[in-house]
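Just so it is clear: chains get the letters A, B, ... in the order the sequence lines come, proteins before strands, and each one is counted from 1.
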Number of protein chains: 2
Amino acid sequence: MAARAARMAPALTTDLASADRRESAKSEMRARILATADRLFYHQGIRAVGVDTVADEVGISKRTLYNYFPSKEALVAAYLEGRASALPPSDLPPVEQVLGSFDRLERYFESQGFRGCPFVNAIAELSDAGAEINKIAIDFKEGRRLWYRDLLVRLGVADPDGLATQLRLLIEGAIATALVSRNAKVARSAGEAARALLAGAGVQLPVSAGAAKSKRKR
Amino acid sequence: MAARAARMAPALTTDLASADRRESAKSEMRARILATADRLFYHQGIRAVGVDTVADEVGISKRTLYNYFPSKEALVAAYLEGRASALPPSDLPPVEQVLGSFDRLERYFESQGFRGCPFVNAIAELSDAGAEINKIAIDFKEGRRLWYRDLLVRLGVADPDGLATQLRLLIEGAIATALVSRNAKVARSAGEAARALLAGAGVQLPVSAGAAKSKRKR
DNA sequence: TTAAAACTACACAGGTCTGTGTAATGGCCG
DNA sequence: CGGCCATTACACAGACCTGTGTAGTTTTAA
């Protein structure tokens, strides 16, 4: 107890207490492992990447990796959790936020490492995925749907839930199609469809840059 | 030579020539293997099912299986080929064929063994899938898109290619969403969105059964 | 009946995987 | 300094995988 009290007041400049430093090092290492696992799992697939490979890429021993994650399944769950980060808030008008989410798709599909939706892939790969992994995937999808829903509410749409679901279907469909056909152009089809659905729901769309000639879709 | 000539004229009732019988037995066995592989690969995943398991389920030895398919990859390719069967022609009006494809989705999602799109799953599972498998998947998706396109042409839609792509996105999105969230109701959202897009393209929609009260989507 | 073809069981090579056991090493902290 | 903790290298168990080799058995066909 006395020793503990003494440890509470080391008072040495800006140094962290040793316990805190250890915590910080641990959390840094955890982040490094997660970053590597994310890269490997997403690009090559979960079943295709063994824990040995992850450890090697991080530059640590497998034993140490198992010191941070009790099993591969836990590592996979953490990987998916990391992919489920919430969208940052934006000051843009709601309609621009919605359309922007579609406009960003094309570059996403064109980006080097694009390999579809990590959650869909995980469910497809792990037919017997644990309940935790399923929950993470469902929560992510629902979170994205609610993000649309809230924006649509602000736009005064009559059925924000239904339209949000439909916009999500377009996103999911575009991701799946881009994965299979490797054609980033489907992003534009999704955007056009989203605009049509929004217009049909009475949302006033902003005049897009160079909209005069955009008749063709494909 | 004389023996061979005699073999050419056995003339016994309706019996097939022996060579034909052998061919037929071979093709039956091939079909049995394929049916079993289809069931196991689709429900449990390609990587999760070994060649031994397929052979055991068919009731043959692994050696025999390798007599019909030179490698697992060939078996997987045949499995996907079998999933890529063309849609049967229909006499229904084009608009009903299009809407029917969406109406059938919900029961498809509810069916016991539903586990998403076999092609998307295969690409997701086999990150290093061979060119053949990729081609099969792409051809399938494009075939489905052209099926819509032809119907839309008959409906006089201005941009049948673009709208066909959009309808496909809704289907793909619904499949992916149903796989993850296990909520067959997304099929209705997809159908509603399809109707909205068709209406927006000037297609006259038939009055659906009990359409008077169908205001709610979600 | 006889010969060839197909199929069987079984073992095996060579590789992968997850997870653990062990003993030695290095660094940090009191 | 002395103890503790993290980490390392390495081996290993036990399981799975794909594909092949072998030798014996059944089926089929002339």
Side-chain angles (χ1 to χ4, degrees), chain A residues 2-12 15-30 32-33 37 40-41 44-56 58-77 125-126 128 130, chain B residues 1-12 15-30 32-33 37 40-41 44-56 58-77 125-128 130:
Chain A
R4 179 180 176 80
R7 191 160 64 77
M8 292 297 276
L12 237 170
D15 274 8
L16 284 74
S18 67
D20 287 352
R21 243 190 313 191
R22 257 186 20 211
E23 284 296 306
S24 158
K26 275 216 136 187
S27 119
E28 265 178 44
M29 176 68 92
R30 211 187 122 95
R32 275 179 57 202
I33 296 172
L40 295 174
F41 284 159
Q44 300 180 223
I46 293 169
R47 292 190 90 120
V49 173
V51 285
D52 295 82
T53 306
V54 177
D56 283 358
V58 179
I60 62 178
S61 70
K62 181 167 61 165
R63 215 67 177 75
T64 299
L65 192 152
Y66 273 100
N67 212 332
Y68 286 84
F69 297 92
S71 67
K72 181 177 180 179
E73 189 173 352
L75 182 57
V76 171
E125 273 195 271
L126 316 170
D128 57 347
Chain B
M1 289 298 171
R4 180 180 176 80
R7 189 162 67 76
M8 292 300 274
L12 237 172
D15 274 7
L16 285 74
S18 68
D20 287 353
R21 243 191 312 191
R22 257 189 16 211
E23 282 298 306
S24 159
K26 274 218 137 191
S27 116
E28 264 179 45
M29 176 68 93
R30 211 187 122 93
R32 276 179 58 203
I33 295 172
L40 295 174
F41 285 160
Q44 299 178 224
I46 293 168
R47 292 189 89 119
V49 173
V51 182
D52 297 83
T53 306
V54 177
D56 283 357
V58 179
I60 61 177
S61 70
K62 182 167 61 166
R63 215 66 177 79
T64 300
L65 192 153
Y66 272 101
N67 211 333
Y68 285 84
F69 296 92
S71 67
K72 180 178 180 179
E73 190 173 352
L75 182 57
V76 171
E125 274 195 271
L126 315 170
S127 61
D128 56 348

**OP:** Could you point out which residue of A/D56, A/V51, A/N67 forms a side-chain contact (heavy atoms from CB on, under 4.5 Å) with A/K62?
**Re:** A/V51
Original post:
Considering all heavy atoms of both residues, which atom of B/I60 and which atom of B/M29 are nearest to each other, and what is their separation?
Top reply: CG2-CE, 3.7 Å
Original post:
For B/E125 and B/R47, which heavy atoms make the closest approach, and how far apart are they?
Top reply: OE2-N, 3.0 Å
Original post:
Rounded to whole angstrom units, what separation is found between the CZ atom of A/R30 and the P atom of D/dA6?
Top reply: 15 Å
Original post:
C/dA6 C1' sits how many Å from B/I33 CD1, rounded?
Top reply: 13 Å
**OP:** Treat primed atoms plus P, OP1 and OP2 as sugar-phosphate and everything else as base, then score nucleotides 7-20 of chain D 5' to 3': B for base contact with protein heavy atoms under 4.0 Å, S for sugar-phosphate contact only, - for none.
**Re:** SB--------SBBB
**OP:** List the steps, then state whether side-chain contact (heavy atoms from CB on, under 4.5 Å) holds for A/I33 with A/L75.
**Re:** CA-CA 9 Å; A/I33 296 172; A/L75 182 57; 4.1 Å; yes
**OP:** Calculate, to the nearest 0.5 Å, the distance between atoms CD and OG1 belonging to B/Q44 and B/T53 respectively.
**Re:** 7.5 Å
